[in-house]
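Structure first, commentary second.
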Amino acid sequence: MFIQTLITDPIHFFRIVVIVIFSITLHELAHGWAAMSQGDNTPQQTGHLTLNPVVHMGKESIIFLCLMGIAWGQMPVNPSKFRSGKLGNILVSAAGPLSNLALGILFIGMLKFLSNPSLSELFSGEFLYLAAQINLTLFLFNLLPIPPLDGFHVFSEIFPQLKPLQYSQFGVFAMMLLFIIPEFGTGLSDIAHLVMQSALGEESPVS
């Protein structure tokens, strides 16, 4: 289990916990801001326009993250209030994964400037590399067209014939398979790693 990392490599453990909590918090806030821009004030009414990760993830998710390395978040929205209807649902759903993509690109950009001594004192290259890889992995994972992931809401608006799957056992079964098969998560992480290697060229993380 992931909690064992606390004993074998505590620095790596806390890096992952901090990065995931930060990334999920911004992911959910991106959903909320997009919903507000579409005329839905539900995120504000429910007190979810906050940087408090407990509000977005809940204590259970944070505990599960520390134990198993898996976490989730939520942002209450009301699609019936969206100005643009179908387009609004796509924009709000896509906002979360796109925030992770933006964070991944930001951390890769920061890695490229690590040659600056003052910057390298503030940020560890290994931390930034891990942050970029986790965010790119979250981006890829959330784009999967499986309910209740964001990708499903985007693709089901483009292909309405997928909508009935939202109320079936398909999503539960598919998600169980994803977590039962560790190679799947590793595969997404490997793709993120390859993207980063391509973006960084010959550069490597600096400790």
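When reading the values below, keep in mind they use all heavy atoms of this one structure, side chains included, and skip hydrogens, waters and symmetry mates.
The nearest pair of heavy atoms linking Ile90 to Val154 is O-CG2, 4.0 Å. Nearest heavy atom pair, residue Ile24 against residue Ala71, reads CD1-CB, 3.7 Å. In this structure, His48 and His56 approach most closely via the heavy-atom pair O-CE1, 2.7 Å. Nearest heavy atom pair, residue Leu136 against residue Ala192, reads CB-CB, 3.6 Å. Residues Leu29 and Thr50 approach most closely at CD2-O, 3.5 Å, considering heavy atoms. In plain terms, the two heavy atoms of Leu143 and Phe155 that are nearest each other are O-CE1, 3.5 Å.
Linking ILVMFWY residues whenever their side-chain heavy atoms come closer than 4.5 Å, directly or via other members, leaves Leu101 and Leu194 in distinct clusters. Met75 and Phe22 are not part of a single hydrophobic cluster, where members link through side-chain heavy atoms under 4.5 Å apart. Cluster annotation: Ile11 and Phe2 are assigned to distinct hydrophobic clusters (Ile/Leu/Val/Met/Phe/Trp/Tyr, side-chain heavy-atom contacts under 4.5 Å, transitive). Tyr129 and Val18 fall into different hydrophobic clusters, where Ile, Leu, Val, Met, Phe, Trp and Tyr are joined by side-chain heavy atoms under 4.5 Å apart, directly or via other members. Each of Leu26 and Val55 belongs to its own hydrophobic cluster when Ile, Leu, Val, Met, Phe, Trp and Tyr are linked at side-chain heavy-atom distances under 4.5 angstrom.
Contact of the Thr137 side chain with the Leu140 side chain is not registered, since no non-hydrogen atoms from C-beta on lie closer than 4.5 Å. By the 4.5 Å heavy-atom criterion applied to side chains, Phe13 and Leu6 are counted as neighbours. Side-chain contact between Glu28 and Met57 is absent, with no heavy atoms from C-beta onward closer than 4.5 Å. You'll find the side chain of Pro97 reaches within 4.5 Å of the side chain of His31, heavy atoms only. In this structure, Phe141 and Asn100 have side chains that are not in contact, with every pair of non-hydrogen atoms separated by 4.5 Å or more.
In this structure, Gln166 contributes its side chain and Pro148 its backbone to no donor-acceptor pair below 3.5 Å. Ser37 contributes a side-chain N or O that, together with a main-chain N or O of Ala34, makes up a donor-acceptor pair within less than 3.5 Å. Using a distance-only test at 3.5 Å, with no hydrogens or angles considered, a donor-acceptor pair links the side chain of Ser61 to the main chain of Trp72. Side chain of Thr46 to backbone of Pro43: a donor-acceptor contact under 3.5 angstrom is found. Judged by distance alone, the side chain of Arg15 and the main-chain N or O of Ala131 form no donor-acceptor pair under 3.5 Å. Here the side chain of Asp40 pairs no donor or acceptor atom with the backbone of Met36 at under 3.5 angstrom. His27 places a side-chain N or O within 3.5 Å of a backbone atom of Gly96 that can act as its donor or acceptor partner. Looking only at distances, a side-chain donor or acceptor of Lys112 sits under 3.5 Å from a matching main-chain atom of Ala199.
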Would you mind writing out the side-chain donor-acceptor pairs for residues 170-182 within the sub-3.5 Å range, not counting sequence neighbours?
none

side-chain contact (heavy atoms from CB on, under 4.5 Å) for His153 and Val92? Distances and angles first, verdict last. CA-CA 9 Å; His153 295 289; Val92 173; over 6 Å; no
Assess whether side-chain hydrogen bond (donor to acceptor under 3.5 Å, both in side chains) is satisfied between Ser93 and Asp150, documenting all intermediate values. CA-CA 5 Å; Ser93 298; Asp150 298 320; 5.3 Å; no
Run Leu165 and Leu162 through side-chain contact (heavy atoms from CB on, under 4.5 Å) and show every step you take. CA-CA 6 Å; Leu165 294 177; Leu162 295 176; 4.1 Å; yes
Under the side-chain contact (heavy atoms from CB on, under 4.5 Å) rule, what do Trp33 and Leu49 come out as? Steps first, then yes or no, please. CA-CA 8 Å; Trp33 291 329; Leu49 292 184; 3.9 Å; yes
Hey, mind stepping through Leu65 and Ile70 against side-chain contact (heavy atoms from CB on, under 4.5 Å) and telling me if it holds? CA-CA 5 Å; Leu65 168 62; Ile70 299 170; over 6 Å; no
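Listed by chain and number, the hydrophobic cluster partners of Ile7 come to none, as no ILVMFWY side chain reaches under 4.5 Å of it. Other members of the hydrophobic cluster containing Leu87, listed by chain and number, are Leu91; membership follows side-chain contacts under 4.5 Å among ILVMFWY residues, whether direct or relayed.
For Phe107 and Phe127, the ring centers sit 6.0 Å or farther from each other.
Here the CG-CG distance, from Leu98 to Leu103, works out to 11.0 Å after rounding to the nearest 0.5 Å.
Within a 6.0 Å sphere centred on CD of Gln169, heavy atoms belonging to other residues, nucleotides or ligands number 12 at most. For Gln45, the CD atom counts as densely surrounded, since its 6.0 Å shell holds more than 12 non-hydrogen atoms of other residues, nucleotides or ligands.
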